[in-house]
Chemist: 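Sharing a structure with you now.
Position 1 is the first residue of the sequence, and the numbers go up from there. All ligand and atom numbering here is 1-based and tracks the order in the structure. The structure displayed is predicted, hence computed values, not measured ones.
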Amino acid sequence: MAAKATKALVEVEKLTKAQAKVEHMRLSLEIEAHNERYYQKDAPTVSDAAYDALRQRLVAIEAKFPDLVTTDSPTQKVGAAPARGFAKVQHAVPMLSLGNAFSDEDVTEFVDRIRRFLKLDTEHIPALVAEPKIDGLSLSLRYENGELVRAATRGDGFTGEDVTANVRTIKDIPHTLKGRNIPAACEMRGEVYMLKKDFLELNKKQAEAEDTVFANPRNSAAGSLRQKDVSITASRPLKFFAYTWGEMNERPADTQHGMLDWMDKAGFVVNPLTKLCKDVDAVLEFYNKIGEERASLGYDIDGVVYKVDRLDWQDRLGFVSRSPRWAIAHKFAAEQAMTILNGIDIQVGRTGAMTPVARLEPVTVGGVVVSNATLHNEDYIKGIGNDGNPIRDGVDLRVGDTVVVQRAGDVIPQVVSVVMDKRPKSAKPYKFPETCPVCGSHAVREEDEAVRRCTGALICPAQAVERLKHFVSRLAFDIDGLGDKQIQEFYEEGLVMSPVDIFTLQKRDARSTTKLMAREGYGETSVRNLFNAIDARRTIELHRLIFGLGIRHVGEGNAKLLARHYGTIENFREAMLAAAKGTKDEENTTEAYQDLNNIGGIGEIVADAVVEFFAEPRNVKALGELLREIEVKPAEQPRKSSPVSDKTVVFTGSLTKFTRDEAKAMAERLGAKVAGSVSKKTDYVVAGEDAGSKLTKARELGVAVLTEDEWLKLIGE
Ligand code: IVH
C-alpha cells in the first residue's frame, strides 16, 4: 500500500464547507474500514497513531462544521474511541521468574544451597512455604493509600502493559484494601487465571461464534485480560490469586506466611492449599499430594513453588540473574501417552473455517480418555505451524502414525510427537482438502493466513444459519420480525435455507397446508406483519445487499465503497464475474480485478475475497435467484452537474494540497473515474511536483494537464 502523504492535508481551519463535506465522508469511510479490520478481524493495517490522527481530524472537522455530525458518524457510534493498544508501565521492582526443580534431588540441592549461603548450622532448617504454581499470567497491582491505581502485566519483567481498566472488572481484585496496617504504597502481585470449566464454556461459545478458540485456560485468561474493549474482559470469568509483592514501603509481616495472611485480610484471595512446611520431606510430601489432586483441582497448576518463609532470609538470599535464590518452582511432568492416529477429519465452522481434527485410538492420559485432538490447521499437520507446536518441528503427521499425546495442564490434548520407527511404510503425507467436505465449494487460503476456508458462503449448509442471520441483520436487509431466533427455526424446519427463500416464503405459505399462522407464537397479525416487513425490503440499497452476502472482509464500510464504485448491481455482478475469470492464474491480471483493487480503501485481501465469492458458481446462482425476487436501488450517485462527471482523471507527481486518496475520493464523488495510467481515454492529468513519465505521456497524447489549483478551480472548490 502506498504511504499516505499526511503532510499534504489541508488544515481543517482552511477547509471550505464543501471540502469539509467530502473530507468528512472520506474520513468516515476510512475509519469505519479500520474499525472493522481492528475490532472484528483483529487485523489492523495502520498504526494506532495513524488511526488516532484520522479520528482527531474527523473530530476537528465536526467541531468546525457541526451540521456534518450525523448519527452514523464514527464519532457518534463508539463514543470515546476505545483505547488502542496498551500504554507501557515500568515496574518499580522488576517482575522476575523462578528457577525450576524437576526432581526431589533438585529440591534437596535448592535447600542445601540456601543453608550454605546463609551459613546455617545443622540445627537450622529453613521453613518453606509451599504454594501451588498457578498456570495463568502474573499481574502487578499498585495501591496508593489503599486504592488501586494501576495494574500491569509482567511484559518482559521490567516493562509491562497498563491493563488497569480491564483489571477493575475482576471480582477477586479489591479496588480498596481492607483493614489497618496498609502501606502507603504497595504493589501486590499474583496470578490471573481461569477455571477449567469456565475455559471450556467460553471456548464453546467462541467456537459457536467462530471467534478465537483458546488452546488452554492460560491463553484464555491472557486473551481475555488483554482486550481493547473492557466490556469483553468484564464478560470473561477471570480470577486472581495473590502470592507476592513488589514495591512496599513497609512490610506488614516478617514471614512469607504472615504476608499471605495479611493479603487475605486486606481482601485478596490467597490459594487455600498453601502450606507452611518445616523441611524438605514436608515439601515433597506436599508436592506428591498436590500432584494427586491436580486433575481434580478446578484450575491448572504446573508445579509447586517453595519459598523461604523468613523475609529477612529472603532479603539476604537475594537474586541470581533473573530469579530469586529464596524460591524455586518444582514442576510436574506433563501427562503423556502413546496412541495411533486413525484419521483426520475436517470440521467446517460457521464462517467456513476448515479445522482438522485428529481421530485417535482412545487412550487414557492422566486419567482422562482422549480420542481426538485439534490439529489447528494445515501447517500444524505439516509440523510447521506455530500454534503451540514447538515440539514436532518439521515432522508431519500421517494417518497410521503412532503419536505421543500430551495433556500438559491443558485441557485440550496436543499431539506432540510422532514415533518415526513405527511409521507404516504405506503412510502418505496428508493432503489437506481443497474443497469443502460439506458443500463441495472450493476452499481457499489467504496469504499469511493459516486457515483454509470454504467459499460457499451462500450455499454451504455448515454456514447457512449464520449467513442467513447475517443476511437479515440490521446493516443488511434488516427485516423486522425476522431475527436470529426465527431464522434458526425456519432453517431447522427447511422453510428458509437460502436468502431467496425469505422472499418466496409468503407464496409458499399460501400453498402450504401447514400455515405459518397456525404455529405456536404466531397469529394472523404477526404473520401479516412479517410478510409486510419482508415486502418492504424487496427494494434494497446496493450496499446493504453487498454487505448481506456475507463475503469475508466485506463489512459495511467496504460494502459502501463497492456500491458507490459500481453504482448498480448489474455493473457490480458483471465486473466481479469478469474478475473471477482471473482467479485460476498465479496473478489475477483481469482489468476488472485491477479496477476493483484500485478502489480507494479496497485492498488486495478484500478484492480477493470478493472475487473468490464470485468464482464459486453456486454463490452466483444463489445470488441470481435472489435478484429475481428483489429490486436493488442504484447507489447514491455523485452530483450530475459536476464538470468532471464521467471524465477519466489521472493524478501524478507529489500532491501538496491533498493526499492521493483524498484526491481520488473527491474526484469519484464528483462522478469522475480515477485511473492509474495515462491513455488516449484520459481526460485530465493533474500533475503535482516532480511529475515524471505520466506527465510526458499526457503531453505526447495531447491530454489536458492541470495543476492542483487548476483542478480545484475546475471542480469548483
Ligand atoms: S512467585 C520472584 N508464586 O510463575 C518470583 N509465582 O515461573 C515471583 N507463579 O512469573 C513469583 N504461581 O507468573 C510465584 N505461587 C506463586 C506462583 C507464581 C504461579 C508464576 C508467576 C511467575 C512464574 C515464574
Side-chain angles (χ1 to χ4, degrees), residues 91-102 106-107 110 114 128-141 151-161 163 167 170 172-173 186-195 216-222 225-226 238-248 251 255-264 268-277 283 286-287 290-291 294 297-309 311 313-332 334 408-409:
H91 299 300
V93 173
M95 293 180 79
L96 302 173
S97 53
L98 294 168
N100 290 325
F102 295 100
D106 288 350
V107 179
F110 162 70
I114 291 169
L128 299 171
V129 171
E131 304 169 3
K133 185 171 188 298
I134 316 299
D135 200 7
L137 69 150
S138 48
L139 196 66
S140 187
L141 308 165
T153 60
R154 179 173 183 276
D156 63 1
F158 299 96
T159 314
E161 286 173 323
V163 285
V167 160
I170 303 177
D172 285 348
I173 296 179
C186 89
E187 268 174 20
M188 294 308 310
R189 290 176 178 177
E191 204 85 353
V192 176
Y193 67 100
M194 200 179 272
L195 292 176
N216 52 44
R218 203 208 80 84
N219 287 1
S220 168
L225 180 71
R226 295 182 68 263
L238 291 172
K239 301 184 72 72
F240 182 78
F241 281 128
Y243 51 66
T244 193
W245 58 94
E247 189 185 351
M248 181 147 328
R251 282 198 299 233
T255 56
Q256 176 71 21
H257 79 272
M259 286 298 286
L260 292 174
D261 283 345
W262 173 81
M263 290 177 205
D264 174 60
F268 291 100
V269 185
V270 173
N271 190 290
L273 302 171
T274 303
K275 190 165 186 239
L276 178 60
C277 301
V283 293
F286 180 84
Y287 174 84
I290 295 283
R294 181 183 177 197
L297 284 183
Y299 44 88
D300 278 336
I301 59 172
D302 56 349
V304 177
V305 183
Y306 309 135
K307 299 175 182 170
V308 169
D309 193 38
L311 300 189
W313 283 357
Q314 285 193 7
D315 293 341
R316 274 174 60 198
L317 284 158
F319 295 82
V320 239
S321 71
R322 297 189 64 185
S323 13
R325 256 192 215 93
W326 47 265
I328 200 160
H330 191 181
K331 301 295 271 287
F332 291 128

Chemist: Which atom pair, heavy atoms only, marks the closest approach of W245 to R251?
Modeler: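 Heavy-atom minimum between the residues: NE1-CD, 3.9 Å.
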Chemist: With a 4.0 Å heavy-atom cut-off (strictly under), which part of E191 contacts ligand 1: side chain, backbone, both or neither?
Modeler: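 Answer for E191: side chain.
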Chemist: So, is S97 polar-close to ligand 1, with some N/O to N/O distance under 3.5 Å?
Modeler: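 No; the residue has no nitrogen or oxygen that sits under 3.5 Å from a nitrogen or oxygen of the ligand.
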Chemist: Between ligand 1 and P324, is the shortest N or O to N or O distance under 3.5 Å?
Modeler: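 For ligand 1, there is no N or O atom that lies under 3.5 Å from one belonging to P324.
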Chemist: What is the distance from atom CD1 of I134 to atom CG of L297, rounded to the nearest 0.5 Å?
Modeler: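 Here the rounded value is 8.5 Å.
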Chemist: Looking at atom 23 (C) of ligand 1, what's its closest protein heavy atom, distance included?
Modeler: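 Sorting protein heavy atoms by distance from atom 23 (C) of ligand 1 puts K133 NZ, 3.9 Å first.
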Chemist: Give the residue and atom name of whichever protein heavy atom lies nearest to atom 15 (N) of ligand 1, and the separation in Å to one decimal.
Modeler: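 I find the closest protein heavy atom is E131 OE1, 2.7 Å.
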Chemist: Which ligand 1 atoms does K307 reach within 4.0 Å, using its non-hydrogen atoms?
Modeler: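 So the atoms of ligand 1 that pass are 1 (S), 3 (N), 14 (C), 16 (C).
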Chemist: Name the closest protein heavy atom to atom 9 (N) of ligand 1, giving the residue it belongs to and the distance to 0.1 Å.
Modeler: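 For atom 9 (N) of ligand 1, the nearest protein heavy atom is Y243 OH, 3.4 Å.
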Chemist: Heavy-atom pairs closer than 4.0 Å: do any link ligand 1 to the side chain of M95, the backbone, both, or neither?
Modeler: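 For M95, no heavy atom sits under 4.0 Å from ligand 1.
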Chemist: Rounded at 0.5 Å granularity, tell me how far OG in S138 sits from OH in Y193.
Modeler: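 Reported value, rounded in 0.5 Å steps: 15.0 Å.
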Chemist: Could you identify the single nearest non-hydrogen protein atom to atom 5 (C) of ligand 1 and state the distance to 0.1 Å?
Modeler: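 In this structure, atom 5 (C) of ligand 1 has L98 CD2, 3.6 Å as its nearest protein heavy atom.
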Chemist: Between A327 and ligand 1, which residue portion shows a heavy-atom distance shorter than 4.0 Å: side chain, backbone, both, or neither?
Modeler: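 Answer for A327: neither.
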Chemist: Which is it for V305 and ligand 1 at heavy atoms under 4.0 Å: side chain, backbone, both or neither?
Modeler: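 Side chain only.
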Chemist: If you compare all heavy atoms of F332 against all heavy atoms of I301, which two are closest, and at what distance to 0.1 Å?
Modeler: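 For F332 and I301, the tightest heavy-atom pair comes out as CE1-CD1, 3.7 Å.
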Chemist: Quick check against the 3.5 Å criterion: does N100 have a side-chain atom that pairs as donor or acceptor with the backbone of K331?
Modeler: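 Looks like no, no N/O pair under 3.5 Å.
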Chemist: For ligand 1, which is the ligand I care about here, please tell me if W326 has any N or O atom under 3.5 Å from one of the ligand's N or O atoms.
Modeler: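 It does not: no N or O of W326 is found under 3.5 Å from an N or O of ligand 1.
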Chemist: Does the plane of the ring in Y287 sit parallel, tilted or perpendicular to the ring in H330? Use 30° and 60° as the thresholds.
Modeler: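 Parallel.
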Chemist: Considering only protein heavy atoms, which is closest to atom 10 (O) of ligand 1, and at what distance to one decimal place?
Modeler: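 Result for atom 10 (O) of ligand 1: S138 OG, 3.6 Å.
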Chemist: Can you name the closest pair of heavy atoms from Q314 and W326 and give their distance?
Modeler: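 For Q314 and W326, the tightest heavy-atom pair comes out as O-CD1, 3.3 Å.
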Chemist: Of the non-hydrogen atoms in R322 and D156, which two are nearest, and what is the gap between them?
Modeler: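 Of all heavy-atom pairs spanning R322 and D156, the closest is NH2-O, 2.7 Å.
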Chemist: Rounded to the nearest 0.5 Å, how far apart are CD1 of I173 and CG of L238?
Modeler: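 It is 8.5 Å, given to the nearest 0.5 Å.
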Chemist: Do the side chain of T153 and the main chain of E161 share a donor and acceptor less than 3.5 angstrom apart?
Modeler: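 Yes: the side chain of T153 pairs with the backbone of E161.
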Chemist: For atom 12 (N) of ligand 1, find the nearest protein heavy atom and state the residue, atom name and distance (0.1 Å precision).
Modeler: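 Ranked first by proximity to atom 12 (N) of ligand 1 is I134 N, 3.1 Å.
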Chemist: Under 4.0 Å from a heavy atom of P132: give me the atoms of ligand 1 that qualify, with their elements.
Modeler: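 Counting atoms of ligand 1 from 1, those under 4.0 Å from P132 are 12 (N), 15 (N).
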